[in-house]
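In what follows, every chain begins at residue 1, and chains take the letters A, B, ... in the order their sequences are listed. It should be emphasised that the depicted structure is a prediction, and the values quoted were computed from it without experimental measurement.
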Protein chains: 2
Amino acid sequence: MSARPGDPAPPIFTDIEDAAMRLVGVADRTPLLRSARIDEALGLRVLIKAECLQQTGSFKIRGAYNKMSQLDAAERRRGVVAFSSGNHAQGVARSAKLLGIGATIIMPIEAPKIKLDNTRSDGAKVVTYARRDANRVAIAEEIMDRTGAVLIPPYDDPDIMAGQGTIGLELAAQAGEIGCPMDAVFGPCSGGGMIGGTAIALSKLSPGTKIYSVEPEGFDDTKRSLKAGERLENAPGAYSICDALLLEIPGKITFAVNRELLAGGLTASEESVRHAVRLAFTELKIALEPSGAIGLAALLERRQEFAGKTVAIIATGGNTDAAQFAEIIGGAD
Amino acid sequence: MSARPGDPAPPIFTDIEDAAMRLVGVADRTPLLRSARIDEALGLRVLIKAECLQQTGSFKIRGAYNKMSQLDAAERRRGVVAFSSGNHAQGVARSAKLLGIGATIIMPIEAPKIKLDNTRSDGAKVVTYARRDANRVAIAEEIMDRTGAVLIPPYDDPDIMAGQGTIGLELAAQAGEIGCPMDAVFGPCSGGGMIGGTAIALSKLSPGTKIYSVEPEGFDDTKRSLKAGERLENAPGAYSICDALLLEIPGKITFAVNRELLAGGLTASEESVRHAVRLAFTELKIALEPSGAIGLAALLERRQEFAGKTVAIIATGGNTDAAQFAEIIGGAD
């Protein structure tokens with residue numbers, strides 16, 4: 001995997017199988033949805049892995065619980081700390097509740113209200129900061145120094161990646177059950193842990209499937225890094241409606257995996273993301289947050305390139321405020 | 001079952017098993033969703049059978065396809081006719097498309113636009129009428145006289161009931177898989193075919209489960225009929241947001257079953273229905289139409305009566321226009 005010396009090794013396939021065992025009864029095997037009308041409209045076969053229907057409304061509980069359930073008694077007593085734009089926050093908060101661990105979560109004050117509210121409602125202490133002004137890492141470090149709390153990182157960690165990779169196990173099994181081998185998988189990418197973990201699983205179970213990361217325009221660090229062969233940062237100052245996908249640079253461990261296993265990096269425009277949210281509402285009856293719809297958005301922009309193919313879309317989350325969702329579905333195509 | 005002489009006999013358990021075989025690859029085994037936050041808020045365990053995620057956006061394809069796939073070659077050539085407020089319409093239209101049968105559907109002009117559009121987009125001919133002015137049965141009879149088309153009734157038919165009853169097979173299996181025996185099942189009731197078919201399945205597979213029909217206030221014909229022991233009509237002139245649940249009187253075959261097998265009939269207010277739509281959006285990330293949310297609405301009104309119990313809710317459909325959905329989720333609780 002060519003991780004650098006000193007970095008932890010990325011997970012291997014059996015780590016993902018072990019994670020799946022830990023997640024029984026905690027994370028759901030989310031359905032793989034299909035719509036004949038979407039397939040007909042796009043001229044290809046679309047499989048939607050509906051992680052918006054996951055416990056806590058996003059896939060993040062898979063990685064968080066996989067890591068936190070392996071903490072020892074002393075670590076559990078000291079508690080955990082995490083920073084997150086909101087979905088990892090909820091995954092950590094719920095895992096902490098299930099495991100009886102205290103949790104402090106550092107979240108941007110600009111995060112959707114539903115993400116802030118849900119994190120609190122699972123009993124976590126939420127510390128907010130302004131994205132523009134404050135350094136979330138410094139805040140986390142101060143808390144860890146003071147309390148001895150264990151950091152639960154959002155992506156650049158083998159146990160987190162192994163947990164998210166259970167999506168790949170399920171995708172392979174579910175595509176097999178309906179007799180639809182996947183030509184490609186499109187998945188949102190922020191730090192790269194979800195798509196990387198999924199790629200590790202699928203490289204063994206469905207080696208012919210091409211895996212693509214999808215990022216918002218202006219936040220295409222993974223796409224550019226994959227092309228360059230090294231980790232590149234985003235220019236500051238960009239804006240995206242995809243509040244869960246605003247990281248500056250790929251993770252170290254995740255990039256080592258993704259450089260090896262991904263077929264490439266894609267982007268999607270805000271207009272396509274809005275279109276994808278509407279389509280998922282109208283045809284699939286699911287509520288996706290913008291970040292969760294970006295895989296479908298990228299496919300809407302590439303229907304010709306993938307004509308006749310079977311493409312699985314990882315629809316990672318549905319934690320969207322009612323006002324935002326109402327505004328998007330009320331728009332025109 | 002005490003159906004009257006002359007009425008067709010209701011389906012029996014093996015008819016439902018046969019229907020399930022016919023539906024493989026056509027209707028999905030929809031997921032049984034759970035939310036820790038809903039359970040905690042209500043003080044009971046709620047299982048949501050998400051039929052909004054079914055092909056065509058509602059359970060109706062189960063019954064329509066089960067009946068239509070049994071038509072002989074001569075009947076298929078003559079085509080089918082159906083009247084429906086919109087979900088049965090889509091089930092019939094999609095089944096007709098899959099089976100290569102021509103379909104004419106008689107729909108109220110007041111039906112949600114999404115239901116009219118989707119019925120047409122599957123290739124059916126749609127004939128509209130005004131609910132207040134026209135007699136949909138007379139329109140259907142005129143078409144049948146002229147073309148020889150076969151009527152696909154929305155509920156009062158053994159094959160339709162057997163198809164809808166496959167929900168009961170899945171409910172019993174899925175509740176078993178997660179180790180949650182169901183104390184009660186709440187399901188929407190219009191003609192009574194879905195809840196009746198489900199009750200036939202569960203009377204064998206989960207005989208301890210109490211099955212309740214749920215109707216909108218003002219359209220409680222089944223509730224009153226169950227109490228009276230005979231089929232009673234609704235007073236004309238009532239209004240409900242639940243556009244799929246506006247029938248005047250229980251079906252004959254369905255009532256014979258429901259009188260025998262249901263524990264009782266419930267109603268829910270429009271306010272509770274709106275609350276239930278919001279809750280399903282916020283906590284489960286699914287889009288329910290008002291009629292599909294009425295089971296959850298009834299439970300919201302009876303949380304004390306069912307405290308500590310496990311209640312399965314059949315969330316029958318999600319065919320709601322964006323404007324209506326946006327208006328409802330934008331409301332306050």
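If you measure heavy-atom distances from A/E327 to chain B, you find no contacts under 4.5 Å at all. When heavy atoms are compared at a cutoff of 4.5 Å, A/A36 approaches chain B by way of both its backbone and its side chain. There is no contact between A/R29 and chain B, counting heavy-atom distances below 4.5 Å. Contact annotation for A/T282: both backbone and side-chain heavy atoms come within less than 4.5 Å of a heavy atom of chain B. Only the side chain of A/L33 has a heavy atom closer than 4.5 Å to any heavy atom of chain B.
Within 6.0 Å of atom NZ in A/K97, more than 12 heavy atoms from other residues, nucleotides or ligands are found, so the atom counts as buried in its surroundings.
We find the CZ-OG1 distance between B/F281 and A/T320 to be 5.0 Å, quoted to the nearest 0.5 Å. Atoms CG and CD1, from B/D321 and A/I329 in turn, are 10.0 Å apart once rounded to the nearest 0.5 Å. Remark: B/I114 CD1 to A/E283 CD distance equals 6.5 Å, nearest 0.5 Å.
Among B/L53, B/T56, B/N118, the residue with the largest count of heavy-atom pairs under 4.5 Å with chain A is B/N118. Interface check for chain A: of the options B/S121, B/A280, B/A323, the most heavy-atom pairs under 4.5 Å are formed by B/S121.
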Test log, rule side chain to side chain contact (heavy atoms under 4.5 Å, CB included), inputs A/N319 and B/K285:
CA-CA 8 Å; A/N319 291 310; B/K285 320 302 177 191; 2.9 Å; yes
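Across all their heavy atoms, B/R34 and A/Q55 have their closest contact at O-NE2, 3.2 Å.
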